[in-house]
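Take a look at the structure below.
On a predicted model such as this, the values are computed, not experimentally measured, just so you know.
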Amino acid sequence: MLPIDAAAHSSRWRRRHPVDKAVLGLGLTVLAVSLPPWPGAALVLVAALAVLLGPAGVPGRRLWRAYRVPLGFCATGAVTLLVQVGGPDGFLAPAEGGAVRAGELMLRTSAASLGVLLFAFTTPLSDLLPRLVRAGVPAPVVDVALVTYRMSFLLLDSVRRVREAQAARLGHAGRAAAWRSLGGLGATTFVRAFDRAARLQAGLAGRGYDGTLRVLVPEARVSLPFLAGSAALLTALTALTFVLERPLS
């Protein structure tokens, strides 16, 4: 199980309805993208961090491990705004206003990423996907997503086991051995993926599969107080942004 998925299953908000958490997390993401970078995105970033580390109870170390990956993509995109290619100053030169645009992009993307992580850290996919059928998503699409979600963990476990076996047999002792082990790892994973898929198909056929996977979903109700609190937080962030955005006289 991936760390972020394990954190979602043990979250304080695990028993809350996904709609509650979607309104809050995805609402923060929308504000981060639509409000001015300063101070709007900065306020959203602080609010998302406060909710993640406070009421949601996400451990700071787990949050950082998950956050540093999208943060790296954000930084990579922002760096490109610092320079310009071609022009009178040469083939590569500092871009006019590049630092400001890069800072704005970092604020927007990093705040939006935290909003998505808030939803991901509190909502397991196993709770979300079965409910999508009620929202109008075709059942076969949800079934494919559920099977893919399950198969991904099985394949990751297979990769881990093969790597451990290779390491026990000195498969990573040198560069040449490491490359051979990498090729063997890819081949073994490919074969096992097809084998598991065939076994899964045979198992479903033996159980009378009729095109729909029926799974038990934990009972949960949409909380009106939680939605009202989320709406109040989003409204307060929007109002505070426009108040602070006004130039000082």
Side-chain angles (χ1 to χ4, degrees), residues 1-35 40-71 109-139 141-150 152-153 212-241:
M1 184 175 292
L2 298 176
I4 191 170
D5 199 69
H9 278 87
S10 59
S11 171
R12 295 177 185 172
W13 290 355
R14 164 70 193 280
R15 300 302 176 185
R16 288 194 175 277
H17 199 281
V19 170
D20 295 345
K21 296 170 283 189
V23 169
L24 178 57
L26 302 184
L28 289 172
T29 301
V30 171
L31 288 186
V33 175
S34 58
L35 290 178
L43 291 173
V44 171
L45 189 148
V46 173
L49 274 177
V51 174
L52 278 162
L53 300 176
V58 178
R61 182 172 298 180
R62 283 187 176 182
L63 176 60
W64 168 244
R65 287 179 179 176
Y67 186 43
R68 63 187 179 184
V69 176
L71 194 62
T109 53
S110 57
S113 299
L114 280 178
V116 175
L117 285 177
L118 174 60
F119 183 73
F121 265 105
T122 56
T123 310
L125 282 179
S126 57
D127 291 352
L128 174 64
L129 290 177
R131 290 186 168 92
L132 294 180
V133 178
R134 303 176 186 175
V137 179
V141 175
V142 175
D143 290 347
V144 171
L146 281 170
V147 172
T148 304
Y149 172 70
R150 174 59 179 165
S152 63
F153 291 111
T212 302
L213 290 174
R214 295 174 178 83
V215 297
L216 294 177
V217 181
E219 290 293 333
R221 294 184 178 180
V222 176
S223 174
L224 293 181
F226 189 91
L227 292 179
S230 300
L233 175 61
L234 299 177
T235 304
L237 289 173
T238 304
L240 187 59
T241 297

Applying side chain to side chain contact (heavy atoms under 4.5 Å, CB included), run through D20 and S230 and close with a yes or a no. CA-CA 8 Å; D20 295 345; S230 300; over 6 Å; no
With no hydrogens and no angle check, is any side-chain donor or acceptor of S11 less than 3.5 Å from a backbone partner on A7?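 Answer holds: no.
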At what distance, to the nearest 0.5 angstrom, does [atom1] of [X] lie from [atom2] of [Y]?
{"X": "L128", "Y": "H17", "atom1": "CG", "atom2": "NE2", "answer": "9.5 Å"}
{"X": "L35", "Y": "L237", "atom1": "CG", "atom2": "CG", "answer": "8.0 Å"}
{"X": "L45", "Y": "L31", "atom1": "CG", "atom2": "CG", "answer": "13.0 Å"}
{"X": "L117", "Y": "L63", "atom1": "CG", "atom2": "CG", "answer": "6.5 Å"}
{"X": "L24", "Y": "T122", "atom1": "CG", "atom2": "OG1", "answer": "8.0 Å"}
{"X": "L28", "Y": "L233", "atom1": "CG", "atom2": "CG", "answer": "6.0 Å"}

Among residues at least two apart in sequence or on other chains, which ones pass ring pair (Phe, Tyr, Trp, His ring centres under 6.0 Å) with Y67?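 Ring pair (Phe, Tyr, Trp, His ring centres under 6.0 Å) list for Y67, sorted by chain: empty.
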Find out whether R14 and P124 are in side-chain contact, i.e. whether some heavy atom of one side chain is under 4.5 Å from a heavy atom of the other.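 A side-chain contact exists here, since the closest heavy-atom pair is under 4.5 Å.
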Can you confirm whether L234 sits close enough to V30 that some side-chain heavy atom of one is under 4.5 Å from a side-chain heavy atom of the other?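 A side-chain contact under 4.5 Å is absent here.
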If you take all heavy atoms of [X] and [Y], which pair is closest and at what distance?
{"X": "A111", "Y": "V44", "value": "CB-CG1, 4.2 Å"}
{"X": "A112", "Y": "A32", "value": "N-CB, 3.6 Å"}
{"X": "L53", "Y": "G60", "value": "CD2-CA, 3.9 Å"}

Given W13, which of F226, F119, F121 fulfils the side chain to side chain contact (heavy atoms under 4.5 Å, CB included) condition?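 Filter result, single survivor: F226.
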Candidate pair V51 and L114, rule side chain to side chain contact (heavy atoms under 4.5 Å, CB included), full reasoning: CA-CA 10 Å; V51 174; L114 280 178; over 6 Å; no
